[in-house]
A.B. asks: 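Questions regarding the structure given below will be posed in turn.
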Amino acid sequence: MQLPQSSPFTVDLLVIGGGINGAGIARDAVGRGLSVLLVEKDDLAAHTSQWSSKLIHGGLRYLEQYEFRLVGEALAEREVLLRVAPHLIKPLQFVLPHEPHLRPKWMLRAGLFLYDRLGGWSGQKQTLPTSFSASLRKTPSSDWGAGLKPQFAEGFVYSDAQVNDARLVVENAKDARARGADIRVGVTFVAAKRVADVWHASIRDSKTHIEQTVRARAIVNAAGPWVKDLLSSIDTPASKETVKHIKGSHLIVPRVHDAPHAYILQNKDGRIVFVIPYFERFSLIGTTDVPVTEFDAPHISDDETQYLLDLANTYLDKSLTKSDIVATYAGVRPLYDDGDDNPSAITRDYTLKLDHHAGGAPLLNIYGGKITTYRKLAEHAIEKLLPYFPNASKASWTHAPLQSGATTATLNALATDIESRGLTHGYAQRLVNRYGLAAATIASNDMGEIFDGTFSEAEIPYLRDHEWAHSAQAMLQRRTKTNLLASPSSLQRINAAVEAALR
């Protein structure tokens, strides 16, 4: 059957993939004056980018693998991103309980000393508190050992940050669209072939099944776990690069302590696991590192569940069982295959491979990366393509906030103003943490029903019309986490309201 066609059009850059790397590259490119089309077959952050450990961090454990450049860049980026998205990224302190038989105290102290300073070596001022030794015994002024077994008496405290990962992707896409990028969600890349110095690419709308030809001067393959698979649909010589797909799984449990800090726990196998405050009522425990060959619908295994529970129970005073688990998730990281057989040791650094076969139109394939360094990855990706776009701006610019004028002070003032309109303190804070300055637009309307102080009817049209949320899962899981926060009875009514709005 002949599929319906619509008129072809031309862009400078076609970006395939709506995860953090694709959204970041689209934002950077359009801000330099390029015309950009981003296509995502499912939803923004539908895959790897929503299943991270929710951290903006240097990666303390990567120091043991001598990944000094990666750690230094990530720590510098941590400071930049705290300014880029203050509503989504918040400082967070981590406690590392000392276990003498695992790593000696001098080694941990030396590693943290280096960690405190690596980010500043780039010239980026470090504003978060530096690390220090701490007693884990409760005192009137501190409770660094909250929730731990009494045997853990000493440790270290250091700083990193926590992020709402899926919303960071959406905010980058919104900023790119505001600057002129064409962001199409639910549109599949079908195939592409080189015709001299231009790509002729086919894309297909998943709802209407209408196919369209796009002439693109360059293509960026930011398809995440599918980066290699996608190449079979692109008319270009076979690539020798390979990807190792590493699954990372997490548990969500009721809060294990009331203090505001996280834990980084050491295991006898050399791995570390985080226990992180997650929203108001939960703790997030993860992650694992398991090589996989299937990555379309990853899920946690029984072995991974037990691994995380066993490690948490080695340290926590109140033991956790499977019955305590509120939810789980798993995501697959497409790591560049550097030849290391240890999943935990494979580099988390990114690799960019430029293909311009026979002098034709360029194809840039994105391998690896982590959410913390997505902005630098995007900068380096555009720098590789600049020779093909001599009129594009050479200057990097994405250190500019995603929402102009958003600072911690302005966000706090906005939350206070929204609360004064009759909303609860908790819901006002949730709106601002979710949408930043855009919360003012939502709160200026009739809010309709507010379900459990977690989600309102007024958010539904905003998510549908401004954030490409075309399903209940997109709204209630990726964009807002309402599936986790609302009661079962409220969720039934919320789903009904969402389905009615989408019809």
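Everything numeric in this text was worked out from a predicted model, so none of it was measured. Position 1 is the first residue of the sequence, and the numbers go up from there. Basis for what follows: all heavy atoms, side chains included, without hydrogens, waters or symmetry-related copies.
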A.B. asks: Under 6.0 Å from the six-membered ring centre of W468 and within 45° of its axis: does the NZ or CZ of R177 meet both?
C.D. replies: yes
A.B. asks: State, to 0.1 Å, how close I246 and P291 come at their nearest heavy-atom pair, and which atoms those are.
C.D. replies: CD1-CA, 3.9 Å
A.B. asks: Taking the side chain as C-beta and beyond, is there a heavy-atom pair between T416 and N412 under 4.5 Å?
C.D. replies: no
A.B. asks: Are K54 and D165 close enough for a salt bridge, meaning some N to O gap below 4.0 Å?
C.D. replies: yes
A.B. asks: As a quick check of understanding, evaluate side-chain hydrogen bond (donor to acceptor under 3.5 Å, both in side chains) for T372 and H57, giving each step before the final call.
C.D. replies: CA-CA 6 Å; T372 303; H57 66 140; 4.9 Å; no
A.B. asks: Could you tell me whether R117 sits above the aromatic face of Y115, with NZ or CZ closer than 6.0 angstrom to the six-membered ring centre and within 45 degrees of the axis?
C.D. replies: no
A.B. asks: Are E379 and K376 within salt-bridge range, i.e. N to O under 4.0 Å?
C.D. replies: yes
A.B. asks: If the threshold is 4.0 Å, N to carboxylate O, is there a salt bridge linking R167 and E467?
C.D. replies: yes
A.B. asks: Assign the ring pair F295 / H245 to parallel, tilted or perpendicular, where the plane angle (0 to 90°) is split at 30° and 60°.
C.D. replies: parallel
A.B. asks: Determine whether the aromatic ring centres of H47 and W226 lie less than 6.0 Å apart.
C.D. replies: yes
A.B. asks: May I ask you to decide whether R217 forms a salt bridge with D197, counting only side-chain N to carboxylate O separations under 4.0 Å?
C.D. replies: no
A.B. asks: How far apart are the C-alpha atoms of R78 and Q126, what are their side-chain angles, what is the distance that settles it, and do they pass the side-chain hydrogen bond (donor to acceptor under 3.5 Å, both in side chains) test?
C.D. replies: CA-CA 9 Å; R78 183 188 67 188; Q126 302 291 289; 3.1 Å; yes
A.B. asks: Taking the side chain as every heavy atom from C-beta outward, state whether V15 and L13 have any atom pair closer than 4.5 Å.
C.D. replies: yes
A.B. asks: Less than 4.5 Å apart, any side-chain heavy atom of I300 and any of T288?
C.D. replies: no
A.B. asks: Identify whether the distance between the nearest side-chain nitrogen and carboxylate oxygen of R69 and D349 falls below 4.0 Å.
C.D. replies: yes
A.B. asks: Where does the angle between the aromatic ring planes of Y435 and Y462 fall among parallel (under 30°), tilted (30 to 60°) and perpendicular (over 60°)?
C.D. replies: perpendicular
A.B. asks: More than 12 foreign heavy atoms under 6.0 Å from CZ of F113: is that the case here?
C.D. replies: no
A.B. asks: Before accepting this row, confirm whether a basic side-chain N of the pair E79/K125 lies closer than 4.0 Å to the acidic partner's carboxylate O.
C.D. replies: no
A.B. asks: Assess the residue pair S131 and R109 against the criterion (side-chain hydrogen bond (donor to acceptor under 3.5 Å, both in side chains)); give the C-alpha distance rounded to whole Å, side-chain angles, the decisive distance to 0.1 Å, and a yes or no.
C.D. replies: CA-CA 9 Å; S131 61; R109 181 65 267 179; 2.7 Å; yes
A.B. asks: Could you walk me through whether T236 and R194 pass side-chain hydrogen bond (donor to acceptor under 3.5 Å, both in side chains), step by step?
C.D. replies: CA-CA 8 Å; T236 195; R194 280 188 178 99; 3.0 Å; yes
A.B. asks: Is the shortest heavy-atom distance from the side chain of Y336 to the side chain of T242 under 4.5 Å?
C.D. replies: no
A.B. asks: Strictly by modelled atom types, are E171 and H87 linked by a side-chain donor-acceptor pair under 3.5 Å?
C.D. replies: yes
A.B. asks: Can you see whether Y158 engages T130 through a side-chain donor-acceptor pair at a distance of less than 3.5 angstrom?
C.D. replies: no
A.B. asks: Under a 3.5 Å cutoff, is there a donor and acceptor pairing between the side chains of T410 and T407?
C.D. replies: yes
A.B. asks: Between K228 and D337 (salt bridge meaning N to carboxylate O under 4.0 Å), is one present in this structure?
C.D. replies: no
A.B. asks: State, yes or no, whether a side-chain contact exists between Y388 and P362 at a heavy-atom distance under 4.5 Å.
C.D. replies: yes
A.B. asks: So F189 and L230, do their side chains get closer than 4.5 Å, heavy atoms only?
C.D. replies: yes
A.B. asks: Decide yes or no for D355 and L364: does some side-chain heavy atom of the first lie under 4.5 Å from some side-chain heavy atom of the second?
C.D. replies: no
A.B. asks: Ring-plane angle category for F274 and F94, please: parallel below 30°, perpendicular beyond 60°, tilted otherwise.
C.D. replies: perpendicular
A.B. asks: How about L37 and V214: do any of their side-chain heavy atoms sit closer than 4.5 Å?
C.D. replies: yes
A.B. asks: One thing to verify: whether E459 and R479 come together as a salt bridge, which I'm taking to mean a side-chain N less than 4.0 angstrom from a carboxylate O.
C.D. replies: no
A.B. asks: Is a side-chain donor-acceptor pair under 3.5 Å present for T10 with R215?
C.D. replies: yes
A.B. asks: So does R184 pair up with D182, basic N to acidic O under 4.0 Å?
C.D. replies: yes
A.B. asks: Which residue in the set I264, L265, T287, L60 passes side chain to side chain contact (heavy atoms under 4.5 Å, CB included) when paired with I272?
C.D. replies: I264
A.B. asks: Applying salt bridge (Lys or Arg N to Asp or Glu O under 4.0 Å) to E383 and K394, what does each step give before you reach the verdict?
C.D. replies: CA-CA 8 Å; E383 286 167 4; K394 306 297 188 293; over 6 Å; no
A.B. asks: Tell me whether R333 is salt-bridged to D289, with the criterion being a basic N under 4.0 Å from an acidic carboxylate O.
C.D. replies: yes
A.B. asks: Considering residues, nucleotides and ligands other than E241, do more than 12 of their heavy atoms fall under 6.0 Å from its CD?
C.D. replies: yes
A.B. asks: Is it the case that the side chains of T398 and R375 hold a donor-acceptor pair, with the cut-off being a distance below 3.5 Å and no angle test?
C.D. replies: yes
